[in-house]
Amino acid sequence: MTLTGKMLIGRQPLCGTREAIRAINPATHTPMEPAYAGGERQQVEQACALAWAAFDSYRETTLADRATFLDTIAERIEALGDELIERASAETGLPRPRIQGERARTCGQLRTFARCVRAGEWLDVRVDTAQPERQPMARPDLRQRHIPLGPVAVFGASNFPLAFSVAGGDTASALAAGCPVIVKAHGAHPGTSELVGRAVAQAVNDCGLPEGVFSLLYGSGHEVGITLVSDPRIKAVGFTGSRSGGMALTQAAQARPEPIPVYAEMSSINPVYLFPAALHARGEALAQGFVASLTQGAGQFCTNPGLVIAVQGAALDRFVNRVSELLPRSPAQTMLTAGIFSAYAEGVEALTRHARLVAQGQAAQGPNQGQAHLFLASADAFLGNAHLQAEVFGATSLVVACADEEQVRRVSEHLEGQLTATLHLDEDDLVPARTLLPVLERKAGRLLVNGWPTGVEVCDAMVHGGPFPATSDSRSTSVGTAAILRFLRPVCYQDFPDSLLPTALQHSNPLLLRRLLDGQREA
Ligand code: NAP
């Protein structure tokens with residue numbers, strides 16, 4: 001497929017008029033063809049008009065038809081074959097096997113949402129039948145279902161060019177909910193975005209859906225993004241990226257005459273707790289597992305273990321010493337963009353000023369290569385210095401040595417909101433772990449025992465979210481089928497004649513949904 005450098009406004013490919021974005025291969029620092037001229041207000045306007053026009057018919061598609069659409073997107077992405085793998089790898093510096101794995105995850109995610117749509121549980125049908133004889137007042141017939149919010153703006157993430165980008169989790173969950181989607185492509189992988197965007201547009205066509213169900217916009221300098229979020233036809237936003245970007249979009253959404261929800265996944269340092277018995281019994285294995293998790297994908301994961309918390313002593317010293325032996329064997333790795341590399345270098349520089357550098361990975365051999373780092377600080381220093389809690393996006397972590405369990409608790413209370421908190425523990429650690437758990441539940445969206453936070457399963461029970469600044473809305477997840485709930489709202493129908501009710505709520509339950517009927521869950 002020849003890349004065109006054009007946006008997709010519904011089914012129409014359109015060239016922008018603003019300054020062009022060009023992918024830059026971060027491994028070689030060379031620009032790639034074609035140029036993607038940025039959009040402006042007019043194209044945002046057109047995409048929003050089409051999305052709004054498509055909304056009412058798209059949201060009324062049957063569960064089967066909508067699920068087929070999601071399955072078709074997955075098929076169309078797979079049909080792109082090696083071209084997608086090559087382009088995504090060149091644009092991001094991520095190795096081919098990683099991109100192949102990410103494609104499988106992306107298509108699996110679309111199919112998981114297809115299964116979720118078919119099952120219809122997300123409609124959350126509740127029926128309270130009329131009780132005309134009830135005293136002192138009759139009860140009306142009340143029926144509730146969820147409906148989609150409306151067109152959704154999705155901002156593709158730089159660090160997952162497939163799974164959190166054009167047809168990633170935000171798009172899949174919004175389409176599953178019945179919302180048209182307008183994607184603002186990430187400037188780091190415009191060619192990958194075009195390939196996937198065209199696959200989605202083909203699926204729209206294959207399934208006979210209105211063209212406004214999907215559009216893809218390009219643009220740098222924030223104009224397209226802010227215009228999109230400010231458009232009155234956009235009813236929700238999905239975003240993964242920097243804290244400043246997420247906050248700017250949240251503020252734009254709140255400043256509208258009609259404010260809308262922004263689901264921004266922004267910043268997390270993912271504390272890892274090494275409890276004494278576990279640290280004593282398996283310090284070597286913990287050091288190896290930690291280094292593998294820290295350096296995976298150049299550390300460019302929102303779940304990267306950026307903080308290690310433990311009680312000081314010989315066992316922690318052995319762990320730090322072992323990591324200090326292992327880390328110098330880790331090669332520097334190409335980061336996603338020159339901007340992300342320089343932000344990483346600045347973050348490392350800041351930590352160098354506030355904590356003790358104890359180990360480094362191998363030095364860079366080429367452009368934009370991030371070198372791994374391990375820092376050490378006392379709990380007192382951590383409690384007194386906000387710099388030590390800032391996310392350094394890359395393979396850098398800070399060990400915080402605490403005087404005792406009480407100081408572990410104080411450090412934990414001091415933490416900002418997190419996507420994850422990990423507990424490495426043995427039987428003898430259960431008491432202090434149980435004591436800490438209420439704090440961690442308040443701080444994080446996912447709590448893990450004896451694992452590593454990198455690697456986020458796409459499934460029904462997953463929570464990839466957490467209190468601010470991990471996300472802008474701690475009540476939601478951006479991964480897993482519960483992500484669909486972000487784009488829905490409940491509507492109640494009171495005393496409707498059956499013929500006027502939506503199919504999901506009709507008396508005969510034609511969709512065979514497991515309803516909550518008069519307080520009882522149907523089998
Ligand atoms: P980013 O700068 O936040 O950009 C992500 C998207 O948001 C881009 O499409 C960007 O559009 C848009 N955007 C950013 N600031 C905006 C603003 N003020 N107004 C409107 N739109 C805005 O993220 P990035 O480029 O991927 O990486 C930058 C840093 O983000 C990294 O160094 C890292 O610290 C962090 N990051 C965190 C995660 C995570 O999962 N926690 C993931 C990726 C990145 P424009 O092209 O117009 O800027």
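Positions are given from 1, in the same order as the sequence printed here. Computation of the quantities below employed the complete heavy-atom set of this structure, encompassing side-chain atoms and omitting hydrogens, waters and symmetry-equivalent molecules. Atoms within a ligand are numbered from 1 in the order they appear, just like the ligands themselves.
Classification of Glu91 and Arg87 as a salt-bridged pair holds, one side-chain N sitting under 4.0 Å from a carboxylate O. Lys184 and Glu223 are not joined by a salt bridge, as no carboxylate oxygen comes within less than 4.0 angstrom of a charged side-chain nitrogen. Between Glu194 and Lys6 there is no salt bridge, since no side-chain N of the basic residue sits under 4.0 Å from a carboxylate O of the acidic one.
Less than 4.0 angstrom separates some heavy atom of Ile226 from each of these atoms of ligand 1: 19 (N), 20 (C). Near Met266, meaning under 4.0 Å from one of its heavy atoms, ligand 1 places the atoms 37 (C), 39 (C), 41 (N). In summary, the atoms of ligand 1 found under 4.0 Å from a heavy atom of Thr240, numbered by their order in the structure, are 40 (O). Of all atoms in ligand 1, numbered sequentially from 1 with element shown, those under 4.0 Å from a heavy atom of Gly245 are 14 (C), 15 (N), 16 (C).
Ser474 places no side-chain N or O within donor-acceptor distance of the main-chain N or O of Gly466, the cut-off being under 3.5 Å. Distance alone, capped at 3.5 Å, is enough to place a donor-acceptor pair between the Arg486 side chain and the Ala483 backbone. Remark: side-chain polar atoms of Arg105 are not paired, donor with acceptor, to backbone N or O of Val458 under 3.5 angstrom. Listed for the Ser472 side chain is a donor-acceptor partner under 3.5 Å among the backbone atoms of Ala264.
Within the 4.0 Å heavy-atom criterion, the part of Glu265 lying near ligand 1 is the side chain and not the backbone. Only the side chain of Leu249 comes within contact range of ligand 1, with a heavy atom under 4.0 Å; no backbone atom does. Counting heavy atoms closer than 4.0 Å to ligand 1, residue Gln300 contributes nothing at all.
The N/O atoms of His186, backbone and side chain alike, include one that comes under 3.5 Å of an N/O atom in ligand 1. Geometrically, ligand 1 and Ser158 share a nitrogen or oxygen pair separated by less than 3.5 Å. In terms of N/O distances under 3.5 Å, ligand 1 is approached by Lys184. Considering both main-chain and side-chain atoms, Ser268 never comes within under 3.5 Å of ligand 1 through any nitrogen or oxygen pair. Between His222 and ligand 1, at least one N/O pair is under 3.5 Å apart. Checked by distance only, ligand 1 and Ala185 stay at 3.5 Å or farther apart across all their nitrogen or oxygen atoms.
Shortest contact from atom 34 (O) of ligand 1 to any protein heavy atom: Phe393 CB, 3.3 Å. In terms of protein heavy-atom proximity, atom 2 (O) of ligand 1 is closest to Ser242 OG, 3.7 Å. Protein heavy atom at the shortest distance from atom 18 (N) of ligand 1 is Ala248 CB, 3.2 Å. Protein heavy atom closest to atom 37 (C) of ligand 1, with residue, atom name and distance, is Gly241 O, 3.3 Å. Scanning the protein for heavy atoms near atom 12 (C) of ligand 1, the closest one is Phe155 CD2, 4.2 Å.
Inspection of the Ser268 and Gln418 side chains reveals an N or O donor paired with an N or O acceptor under 3.5 Å. One side chain, Asn270 or Thr420, offers a donor N or O that lies under 3.5 Å from an acceptor on the other.
Contact annotation: Gly187 has no heavy atom less than 4.0 Å from any atom of ligand 1. Residue contacts with ligand 1 include Phe239, since one of its heavy atoms falls under 4.0 Å from the ligand. The shortest heavy-atom distance from Cys302 to ligand 1 is under 4.0 Å. For Gly221, the heavy-atom gap to ligand 1 drops under 4.0 angstrom.
Within 6.0 Å of the CZ atom in Arg41, the count of heavy atoms belonging to other residues, nucleotides or ligands does not exceed 12. Heavy atoms from other residues, nucleotides or ligands lying under 6.0 Å from CD of Glu19 number 12 at most.
A cation-pi geometry, defined here as NZ or CZ lying under 6.0 Å from the six-membered ring centre and within 45° of its normal, does not hold between Arg475 and Tyr263.
Between Ile340 and Ser158, the closest heavy-atom pair is CD1-OG, 3.4 Å.
Considering Gly219, Ala343, Gly347 only, the shortest heavy-atom separation from atom 32 (O) of ligand 1 involves Ala343.
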Side chain to side chain contact (heavy atoms under 4.5 Å, CB included) assessment of Phe239 paired with Asp170: CA-CA 8 Å; Phe239 167 93; Asp170 285 339; 5.8 Å; no

